[in-house]
*Asks:* 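This is the structure I want to talk about, given as structure tokens.
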Amino acid sequence: MMSDKRNILVLGSGGREHALSWKIAQSPLLGSLYCAPGNGGMAEIAENLALDMADHQAVITFCQEKAIDLVIIGPEAPLVAGLADDLTAAGIAAFGPGKIAAQLEGSKGYTKDLCAEADIPTAAYGRFDNACAALEYLDSQSAPIVVKADGLAAGKGVIIAEDMKTARDAVEEIFDGAFGDAGAELVIEEFMTGEEASFFVLCDGENALPLATAQDHKRVGDGDTGPNTGGMGAYSPASIMTPALIDTAMEKIIHPTLAAMARRGAPYRGVLYAGLMLTDDGPKLVEYNARFGDPECQVLMMRLKSDIVPVLEASASGSVAEMTLDWHDEIAMTVVMAAAGYPGAYEKGSTIGLEAVGDDIMVFHAGTARAEDGTISATGGRVLNVTARGKTVAQAQASAYAGVDKIDWPQGFCRRDIGYREIEREME
Ligand code: AMP
Ligand code: GLY
């Protein structure tokens, strides 16, 4: 059995991992908190380490040396590489799915086949491992249509083709290696219309505990213009995901997925992030991720009142069936500040002044480093997540941007309209 206090290791270096670490650091159950590699914000609440996540034995050895009770695996790559299985086999509890279960994110074709098998609502599709068959399938389809590289492509492997030439070009490019190994196979999908929402559930292999809904803003520019990014801001909850829609999503999408994974001998543990399209025919699955969203996690952690450690532990190695969570009723919003040029080329090394930001605002760090004298500098594309709560979306937004305006970082920028759709709805 575990001792009273848990030593916890968080793997990752984004705003997501800072938000998780921040929440974990508030737990009375916490012993020591370690982060690898961590960032400038995590350095203030944990010990940052230079551990190579790809070296599973090095992670296991570290956990044994430091008597780590629980490892939180933040990003998808180590999950798809089977780190959770290797930790579990070494007797170390790991939060996140094993290698096969992580295929729900690691292979779009795997997920589409699972949806077909379990009758889960999603776009009609074809799955191909050669251009000839894919192009022949396209001849029977019409635009708009969606072409997706099968594997992990850092969010870039999806082409929404407005015409058939673009779709055919996408097929050729993917099989010509535009996305490397991730494009050894591809999926062609019917284009779905509706509004998108993210839905997060915590799973223990059998049961699912609904966490919360959120909406992200993927485009870099105001009004959803410009290239896609990892996400420029988010809020939670998403009012468009009504309680009735949540029930439908649990019944038609989440539960059948968990049952199908269990039947396949790969029960799903960890957080399951469903990207949903709210169509006229009800919610349909766009994609699964095997991890928390970034920046969605930041708003979830800002709203969560309960201690997170018991539920992470239950998901990793126990049961979430009897668990409940308390949430702040308020809306949480996070605004991402990125380095000028992102998602293209950007400069690193500029200094960030955070001293003027008040206690009501939480600034989660992403690409930052902290020098010994406490100076924070930018080291990545997405750099800060300025996060606030409010009674209304408009109030949360006003607070978040008031926080942004107190940050002294001329080399950074942000979208100025995070939550605009929700604020329009709120005003109706
Ligand atoms: P994914 O990486 O699968 O989430 O795709 C990235 C984005 O492409 C999604 O968030 C949607 O905005 C869009 N998308 C993906 N698949 C479809 C689809 N079948 N119909 C419409 N939009 C889609
Ligand atoms: N914010 C989108 C994602 O984490 O995939």
Side-chain angles (χ1 to χ4, degrees), residues 12 14-17 19-20 74-77 79-80 102 104-112 115 120-127 141-162 166-167 170 174 179 182-183 186-200 213-220 224 227-236 238 271-281 283-301 333-336 338 343 364 366 381-382 385 415 418 421:
R16 167 181 55 208
E17 288 81 16
L20 288 167
E76 60 276 16
L79 293 166
V80 171
L104 286 180
E105 174 163 4
S107 165
K108 296 193 190 287
Y110 181 95
T111 300
K112 297 301 285 188
C115 287
I120 292 167
T122 186
Y125 76 109
R127 185 180 184 183
Q141 303 295 311
S142 58
I145 192 153
V146 186
V147 181
K148 301 181 174 184
D150 182 73
L152 294 183
K156 298 190 180 78
V158 175
I159 295 99
I160 314 272
E162 302 289 346
T166 308
I174 290 174
F179 302 102
L186 59 74
V187 165
I188 299 175
E189 267 183 33
E190 164 203 3
F191 178 79
M192 298 185 284
T193 40
E195 190 165 338
E196 283 180 74
S198 305
F199 180 43
F200 297 86
T213 58
Q215 277 179 309
D216 186 13
H217 299 64
K218 292 193 184 184
R219 302 296 195 94
V220 75
D224 297 319
N228 265 327
T229 69
M232 293 302 291
Y235 56 86
S236 171
V271 65
L272 185 58
Y273 159 179
L276 302 176
M277 188 73 79
L278 306 179
T279 73
D280 291 342
D281 302 327
K284 293 189 179 180
L285 184 70
V286 180
E287 64 160 357
Y288 274 131
N289 293 310
R291 51 173 173 84
F292 279 103
D294 186 345
E296 293 94 325
C297 184
Q298 290 80 311
V299 283
L300 262 53
M301 293 306 111
M333 182 176 294
T334 190
V335 174
V336 170
F364 295 116
R382 290 192 296 171
N385 304 261
R415 273 181 66 162
I418 301 303
R421 277 206 201 85

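Because the structure is predicted, anything quoted here is derived from the model rather than measured. As the structure lists them, so they are numbered: ligands from 1, and atoms in each ligand from 1.
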*Asks:* To the nearest 0.5 Å, tell me how far T122 OG1 sits from M192 CE.
*Replies:*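 Interatomic distance, T122 OG1 to M192 CE, rounded to 0.5 Å: 5.0 Å.
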*Asks:* Give the residue, atom name and distance (to 0.1 Å) of the protein heavy atom nearest atom 5 (O) of ligand 2.
*Replies:*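 Here the nearest protein heavy atom works out to R291 NH2, 3.0 Å.
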*Asks:* Between I160 and ligand 1, is there a nitrogen or oxygen pair with a distance under 3.5 Å?
*Replies:*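 Between I160 and ligand 1 (N or O atoms, distance only) the closest approach is not under 3.5 Å.
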*Asks:* As an exercise, state the distance from CD of E296 to CE of M301, rounded to the nearest 0.5 Å.
*Replies:*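 These two atoms lie 11.5 Å from each other.
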*Asks:* Between E189 and K112, does at least one N-O distance fall below 4.0 Å, as a salt bridge requires?
*Replies:* yes
*Asks:* Provide the number and element of each atom of ligand 2 under 4.0 Å from a heavy atom of Y273.
*Replies:*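 Those qualifying, in numeric order: 2 (C), 3 (C), 4 (O), 5 (O).
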*Asks:* Using distance alone, decide if ligand 2 has a nitrogen or oxygen within less than 3.5 Å of any nitrogen or oxygen in G230.
*Replies:*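 Min N/O separation from ligand 2 is below 3.5 Å for G230.
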*Asks:* How long is the gap from CD1 on I145 to CD1 on I159, to the nearest 0.5 Å?
*Replies:*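 Reported to 0.5 Å precision, the distance equals 12.5 Å.
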*Asks:* For ligand 1, does E189 get within less than 4.0 Å through its side chain, its backbone, both, or neither, judged by non-hydrogen atoms?
*Replies:*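 It is the side chain that gets close, since no backbone atom is under 4.0 Å.
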*Asks:* Mark whether atom 7 (C) of ligand 1 lies under 4.0 angstrom from at least one protein heavy atom.
*Replies:*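 Neighbour list for atom 7 (C) of ligand 1 is empty of protein heavy atoms (cut-off 4.0 Å).
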*Asks:* What is the closest protein heavy atom to atom 5 (O) of ligand 1, and at what distance does it sit?
*Replies:* V158 CG2, 3.4 Å
*Asks:* Could you check if a side-chain atom of V286 sits within less than 4.5 angstrom of a side-chain atom of K284, using non-hydrogen atoms only?
*Replies:* no
*Asks:* Taking both backbone and side-chain atoms of R16, is any N or O found less than 3.5 Å from an N or O belonging to ligand 2?
*Replies:* no
*Asks:* At less than 4.0 angstrom from any non-hydrogen atom of G293, what atoms of ligand 2 do you find?
*Replies:* 4 (O)
*Asks:* As an exercise, identify every atom of ligand 1 less than 4.0 angstrom from a heavy atom of M277.
*Replies:* 21 (C), 22 (N)
*Asks:* N/O to N/O below 3.5 Å, does that happen between D216 and ligand 2?
*Replies:*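 Min N/O separation from ligand 2 is below 3.5 Å for D216.
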*Asks:* Take every heavy atom of A234, measure it against each atom of ligand 2, and state whether any distance is under 4.0 Å.
*Replies:*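 Under 4.0 Å: no for A234.
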*Asks:* Counting heavy atoms only, name the option from M192, E287, K148 that's nearest to atom 16 (N) of ligand 1.
*Replies:*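 Checking each option, the heavy atom nearest atom 16 (N) of ligand 1 is found in K148.
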*Asks:* Mind checking whether T213 and S198 have side chains closer than 4.5 Å, heavy atoms only?
*Replies:*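 No, too far: nothing below the 4.5 Å cut-off.
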*Asks:* Report the part of E190 in contact with ligand 1, treating N, CA, C, O as backbone and CB onward as side chain, heavy atoms under 4.0 Å; options are side chain, backbone, both, neither.
*Replies:* backbone
*Asks:* Write out the residue and atom name of the closest protein heavy atom to atom 10 (O) of ligand 1, then the distance separating them to 0.1 Å.
*Replies:* E196 OE1, 2.7 Å
*Asks:* Might you point out which heavy atoms bring F199 and L276 nearest each other, and give the distance in Å?
*Replies:*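 Answer, listing the atom of F199 first, then L276: CB-CD1, 4.0 Å.
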*Asks:* Using a strict 4.0 Å cut-off to heavy atoms of E296, name the atoms of ligand 2 that fall inside it.
*Replies:* 1 (N), 2 (C), 4 (O)
